[in-house]
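Heads up, the thing below is written out as structure tokens.
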Amino acid sequence: VHLNKVRMLLFRIADEPWAIAATEVKDLIPLVTLQPYKGACSPAEDALADDIAATMHISGLLNYHGEYLPVIDVAQSVAQQPAPIALSTRIAIVEAPVDSGLNGNPWSKKLGLILDQADQTAYLSEAVDLPVNSPYLRATLKGPEGIVQQLAIASFFNAVAEPRSPLSGELVYAAGP
């Protein structure tokens, strides 16, 4: 029995412990070679896609069961350090949270998040209130070895372009914050 505890997927960003609620992870797959984000559309749209990819640290596109998902390097976004290429580095498939207001869009709101050392889960409880001064930080949790930061996945959905297909030549851009 885990009263007042939530099952979390643990991972690391720049050697700091982080977590994401296991219920937010729809799938966890090995790190695979991604298709380039650029080249999916016209040269003008490619320039805009480059700007969005650089800002959001989009590593490329993942063909996930026939659906092309942008994949974001979380460590690069949060700590300006790319996740290492290692066996413990995984891609977590996540969907826009219900309370984000993004689920009403006619196209799927899924992303791949590259997570380093995403190879275990634990039941964690909320820690004492600490100041949250990052758009990527949802809460602080009590872990077996101290404080664990909970990733706010909603922050990654705010300005990401949703490619229909890397070959279709069509991109639909979500409204930014």
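All figures in this text were calculated on a predicted structure; none of them were measured in a lab. FYI, side chains are in, hydrogens and waters are out, and symmetry mates aren't considered; it's all heavy atoms of this structure.
In terms of heavy-atom proximity, Glu95 sits nearest to Ile153 at O-CD1, 3.6 Å. Across every non-hydrogen atom of Ala19 and Leu10, the tightest pair is CB-CD2, 3.9 Å. Here the closest non-hydrogen pair linking Lys142 and Leu124 is O-CD2, 3.3 Å. Here the closest heavy-atom approach between residue Ile114 and residue Ser59 is recorded as CD1-OG, 3.6 Å. Annotation for Asn63 and Gln35: closest pair CB-NE2, 4.5 Å, computed over non-hydrogen atoms. For the pair Ala83 and Asp116, the tightest heavy-atom approach, listed with the atom from each and the gap, is CB-CB, 4.4 Å.
Residues Met8 and Gln150 form a side-chain contact, since some pair of their non-hydrogen atoms from C-beta on lies under 4.5 Å apart. When side chains are defined from C-beta on, Leu9 counts as touching Leu28, because their heavy atoms get closer than 4.5 Å. Side-chain contact between Tyr64 and Ile91 is absent, with no heavy-atom pair separated by less than 4.5 Å.
Of the possible polar contacts, none joining the Thr121 side chain to the Arg7 backbone as a donor-acceptor pair under 3.5 Å is found.
With values rounded to the nearest 0.5 angstrom, His65 atom NE2 is found 9.0 Å from Leu62 atom CG. Rounded to the nearest 0.5 angstrom, Thr140 OG1 and Gln149 CD are separated by 8.0 Å. Interatomic distance, Ile13 CD1 to Phe11 CZ, rounded to the nearest 0.5 Å: 4.5 Å. The distance from the CH2 atom of Trp18 to the CD1 atom of Ile147 is 12.5 Å, given to the nearest 0.5 Å.
Each of Val71, Asp27, Leu111, Val25 was compared with Ile93 under the side chain to side chain contact (heavy atoms under 4.5 Å, CB included) criterion, and only Asp27 meets it.
For Gln117, the side chain to side chain contact (heavy atoms under 4.5 Å, CB included) partners are Arg12, Ser88, not counting sequence neighbours. Asp119 is linked by a side chain to side chain donor-acceptor pair (under 3.5 Å) to nothing, counting only residues two or more places apart in sequence or in another chain. Under the side chain to side chain contact (heavy atoms under 4.5 Å, CB included) criterion, Gln76 pairs with His57, Asp73, Gln80, Pro82, not counting sequence neighbours. For Ala14, the side chain to side chain contact (heavy atoms under 4.5 Å, CB included) partners two or more places apart in sequence, or in a different chain, are Ala79, Gln81.
The hydrophobic clustering, which links ILVMFWY residues whose side-chain heavy atoms are closer than 4.5 Å, places Ile85 and Val32 together.
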